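In what follows, a structure is listed as structure tokens, so that the remarks can point back to it.
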Amino acid sequence: MKEKLSEDIMALRASKEFHDGDVVNLGVGIPNLCATFIPEGRNVMFESENGALGYGGIIMVDEFEKVEIQYIDAGGRYFLPKEGMSFFDMGDSFGLMRGGRLDITCLGAYQVSETGDMANWSIPGDTSIGIGGGMDLVYGAKRVIVLMEHVTKTGELRVLKECTYPLTGKECVNLLITDIAVIEPTKKGLVLKEYAPGWTAEEIQKLTEPKLILADDLKEVEL
Amino acid sequence: MKEKLSEDIMALRASKEFHDGDVVNLGVGIPNLCATFIPEGRNVMFESENGALGYGGIIMVDEFEKVEIQYIDAGGRYFLPKEGMSFFDMGDSFGLMRGGRLDITCLGAYQVSETGDMANWSIPGDTSIGIGGGMDLVYGAKRVIVLMEHVTKTGELRVLKECTYPLTGKECVNLLITDIAVIEPTKKGLVLKEYAPGWTAEEIQKLTEPKLILADDLKEVEL
Amino acid sequence: MNKIIPSFEEAVADIPDGASIALNNWGLAGGPQNLILALREQGTKDLTIITQNFMYTPFPEEVVVMPFMLLPQMKKLIAGFFAAASRYAYTTNLPAEFVEMEKVLEKEVIGHGNFVARLQAGARGMGPFYSPVGIGTVVEEGREKRTFDGKEYILLTPLQPDFAFVRADKADKYGNLTYNGTCRCLNPVLAMAGKTTIVEVDELVEPGQLHPDEIVTPAAFVDRIVVNEPGARGSYEYTMKKLHEMLSIPEVRGAVIGQAKQMVKEEGDN
Amino acid sequence: MNKIIPSFEEAVADIPDGASIALNNWGLAGGPQNLILALREQGTKDLTIITQNFMYTPFPEEVVVMPFMLLPQMKKLIAGFFAAASRYAYTTNLPAEFVEMEKVLEKEVIGHGNFVARLQAGARGMGPFYSPVGIGTVVEEGREKRTFDGKEYILLTPLQPDFAFVRADKADKYGNLTYNGTCRCLNPVLAMAGKTTIVEVDELVEPGQLHPDEIVTPAAFVDRIVVNEPGARGSYEYTMKKLHEMLSIPEVRGAVIGQAKQMVKEEGDN
């Protein structure tokens with residue numbers, strides 16, 4: 001049976017990229033779910049743009065009594081305190097990113113291009129200017145991991161030769177995890193590394209505008 | 001009897017310029033003495049370039065038992081802790097100066113010019129490059145007060161048409177207090193405001209290269 | 001030396017029409033709520049508001065006061081993130097005229113990192129600077145571009161607001177400040193950057209009660225302090241209580257916890 | 001995650017010839033004394049040393065270890081203040097060859113404020129920037145000058161040292177740091193600026209013992225930590241004890257208290 005990966009499974013796949021001691025920023029949406037899947041024995045420090053590092057779990061709806069308003073992440077979610085966490089100002093927070101101290105950023109996106117460009121802050125007709133921290137994150141992080149659905153709900157392609165939406169950054173994506181594939185942007189082009197169970201490279205190619213290069217060790221998504 | 005002002009009297013005169021709540025940086029030498037003469041009821045916060053504000057009195061030689069090595073000012077003098085003091089990094093310290101939060105800096109100098117230029121960090125033949133914080137202090141402080149002897153020990157003039165030593169800053173001096181006069185650099189030139197007891201304007205002019213303008217209210221130094 | 005001002009009205013009384021005012025806006029706490037209210041009350045016009053996030057909040061004013069309410073008094077916005085109010089048009093308590101005002105507002109939005117870097121340059125009395133962030137995006141439009149060592153940068157100018165509204169957790173009368181948790185955020189940067197810095201604080205302590213190594217903002221950066229009445233509107237305690245009142249309503253709980261941003265965006269995120 | 005390294009030798013073992021190393025030097029405490037000793041022991045060559053104050057110290061090595069002792073291993077100095085060792089030629093314990101080495105050393109000295117601003121730009125991953133300080137002085141020589149809004153600036157480039165040697169008061173194993181008094185000084189800036197940051201610390205505490213609001217350097221900036229043996233050479237306690245031993249000698253007391261700088265300069269000061 002050919003199913004798409006659930007958001008949880010996508011997040012689980014992304015969390016495999018985290019190493020012990022990594023400083024990781026998680027964007028709102030699917031990326032946020034990664035926090036739940038940190039492998040045993042790995043201490044990953046989450047960083048939030050508004051000035052927090054190494055904080056604890058996100059408070060779920062059924063634990064709302066635990067909410068303290070001074071423990072909020074960049075996406076507006078409340079977290080629990082944790083031993084070893086720290087707070088700092090927004091200047092140091094963005095300094096941390098641009099200065100090379102953020103190991104991984106996981107973000108959602110609207111579109112990713114053949115060269116690893118990405119667009120995630122504006123869609124046509126939007127009168128907002130919602131740039132926020134995305135441009136800094138994709139510039140500064142050592143690894144940029146994008147998590148997104150491979151096509152839109154109405155079937156439009158999102159992995160494109162060139163992004164048509166305003167860019168967040170050029171040639172910045174290191175790994176793209178979608179609900180049907182894991183793709184690595186390289187200088188030669190997009191390399192298909194893993195596929196969702198039941199999916200073939202041909203089927204994934206059909207939903208992808210640029211030509212995919214098949215990895216020598218192309219395999220089913222390993223979790 | 002025509003005497004020159006002592007270092008203590010020069011410092012006392014300078015400290016009259018300090019207002020309650022002022023943030024003041026004192027250079028090494030005569031300026032340091034100002035701390036002793038703060039008028040009753042005025043809380044002046046001393047700032048030190050290495051990152052301290054609002055600290056207590058300088059430890060004198062006969063109180064050496066009180067020395068704690070983490071309480072040191074920019075000139076290498078140990079100070080006492082005081083309620084309301086704070087420590088910060090050197091970046092914030094120089095940000096404080098340049099950002100306009102330093103009310104007064106008192107410095108020693110080798111030379112001061114007719115236009116308010118000053119030179120205080122290098123003398124001919126010196127192989128040191130002792131710039132330190134002087135350029136930032138004279139750029140950033142709202143008021144720059146120079147305390148120096150009017151002529152060198154060998155009788156050479158120090159209040160000059162133009163400085164001959166490498167400059168610390170151009171047109172930066174707001175008030176010059178010497179051992180014989182108080183002089184205010186203005187756009188029209190150097191205005192002689194006060195004279196040491198027993199000194200005449202003519203005598204001070206003889207020891208001053210540029211033409212002095214006599215203040216309307218020229219008077220003996222008021223302490 | 002005593003920088004305490006008895007009321008918020010007095011603390012903002014000398015702010016003239018046309019002034020630039022910088023303030024923190026990220027999360028419910030950490031914003032200078034009573035200073036914003038005083039400024040609205042005063043009716044000061046043609047303001048330039050400088051804040052990292054400018055957006056309508058679906059929370060009622062009784063819960064939280066945000067810079068958005070100053071829109072009718074604004075000429076210009078300088079921000080890192082701007083979400084159009086029209087996105088919230090479906091909510092009940094958004095005044096329709098706000099959507100129109102927002103359209104004609106002059107806006108300069110350049111991303112969080114470039115935004116905060118401009119304030120830091122202003123805070124430190126530095127001149128313009130080159131940033132590597134925004135190259136290849138709309139942010140570079142209309143800006144000087146220059147290459148150093150083979151790498152492209154855009155030139156940004158410092159920001160030194162006329163007034164900074166700072167929200168702190170504790171203060172002494174000299175103006176030493178500490179912050180709590182993510183309420184810190186932009187506040188220490190603002191305290192340094194403002195030509196005049198006005199602090200709204202929850203707790204006043206005696207000089208010496210804050211350990212000198214733990215003070216985040218040294219007194220030199222602070223001009224005025226107004227102390228929030230314990231438990232009164234805008235205080236940490238009050239906002240916390242109001243938030244928990246809302247959280248106790250099962251229907252709104254999901255919208256408040258963790259979905260603040262989903263309400264803004266259709267899909268994806270940054 | 002545990003960043004503790006058992007010895008200073010191991011902590012500096014991978015520093016190659018030609019590396020740039022930044023460290024704090026202002027006062028007797030607050031400098032990474034044992035990291036300096038380990039680097040001398042290792043004999044690494046062609047170093048670029050980046051420190052705010054580079055000067056010979058009249059204190060014997062048993063009291064305090066300063067960057068000056070690395071002179072034989074140095075190719076270049078980047079500093080805010082440099083006092084020539086020849087000024088101390090009258091002191092007994094200055095090796096004569098140091099005076100010669102110092103003369104041929106490549107030096108870039110630009111004042112404290114510009115120096116620290118270059119490190120801050122490096123720490124924040126920013127490009128070159130314009131500074132208003134140094135206009136009309138030797139500092140502007142050889143640098144790009146440019147006028148913005150009628151005001152002149154010089155262009156300075158960021159500094160991001162290969163290694164930062166940081167001295168902290170307390171650390172946990174994740175790398176969260178606090179500092180004491182003026183030992184803070186350049187250390188937090190260095191921790192952010194170093195491509196690799198190595199910390200010498202007096203006290204190791206458990207994660208959670210440092211209050212999250214009181215941490216000055218967050219763990220993300222720290223790569224390695226070596227803990228000083230309590231009371232052993234280079235520790236705060238040791239340096240304090242040695243200083244007081246010196247202070248107990250009436251003849252040297254005056255020279256130690258408050259006259260450190262007078263020993264450097266003939267007249268005047270900055």
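Order of the sequence lines fixes the chain letters, A, B, ..., with proteins taken first and strands second; residue numbering starts at 1 for each chain. Since this is a predicted model, take the numbers as computed values, not measurements. Both backbone and side-chain heavy atoms feed into the values below; hydrogens, waters and symmetry mates do not.
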- Item | Closest approach of A:L53 to D:A219 (non-hydrogen atoms, all atoms of both residues) | CD2-N, 3.9 Å
- Item | D:R124 versus A:R98, closest heavy-atom pair with distance |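 Smallest heavy-atom distance, with atoms named: O-NE, 2.8 Å.
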Would you say [X] has more than 12 foreign heavy atoms packed within less than 6.0 Å of its [atom1]?
{"X": "A:E65", "atom1": "CD", "answer": "yes"}
{"X": "A:D216", "atom1": "CG", "answer": "no"}
{"X": "A:K142", "atom1": "NZ", "answer": "yes"}
{"X": "A:E220", "atom1": "CD", "answer": "yes"}
{"X": "A:E63", "atom1": "CD", "answer": "yes"}
{"X": "D:D149", "atom1": "CG", "answer": "no"}
{"X": "D:E144", "atom1": "CD", "answer": "yes"}

Using non-hydrogen atoms and a 4.5 Å limit, figure out which bit of [X] sits close to chain A: side chain, backbone, both or neither.
{"X": "D:A121", "result": "neither"}
{"X": "D:T217", "result": "neither"}
{"X": "D:K3", "result": "neither"}
{"X": "D:A123", "result": "backbone"}

Using non-hydrogen atoms only, which part of [X] is less than 4.5 Å away from chain D: side chain, backbone, both, or neither?
{"X": "A:D92", "result": "both"}
{"X": "A:Y55", "result": "neither"}
{"X": "A:L96", "result": "both"}

- Query: When rounded to the nearest 0.5 angstrom, what is the spacing between NE2 in D:H211 and CE in A:M85?
  - Reply: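 Atom-to-atom, D:H211:NE2 and A:M85:CE are 7.5 Å apart.
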- Item | Euclidean distance, A:F88 CZ relative to D:M192 CE, rounded to 0.5 Å | 9.0 Å
- Item | Those residues that, when tested against A:R143, pass salt bridge (charged side-chain N to carboxylate O under 4.0 Å, His left out) (two or more places apart) | A:E17
- Query: So which bits of residues 162-189 of chain D come within less than 4.5 Å of chain A, counting non-hydrogen atoms only?
  - Reply: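 Within residues 162-189 of chain D, the residues that come under 4.5 Å of chain A (heavy atoms only) are D:D172, D:Y174, D:N176.
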- Tabulate, in ascending numerical order, the residues of residues 150-161 of chain D having at least one heavy atom closer than 4.5 Å to a heavy atom of chain A, or enter 'none'.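 Heavy-atom contacts from residues 150-161 of chain D to chain A are D:Q160.
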- Among residues 39-46 of chain A, which residues come closer than 4.5 Å to chain D, judged by heavy atom distances?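 When heavy atoms of chain D are the reference, residues 39-46 of chain A contributes A:N43, A:M45 within the under-4.5 Å range.
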- Item | Salt-bridge contact D:D223-A:R101 (side-chain N to carboxylate O under 4.0 Å) | yes
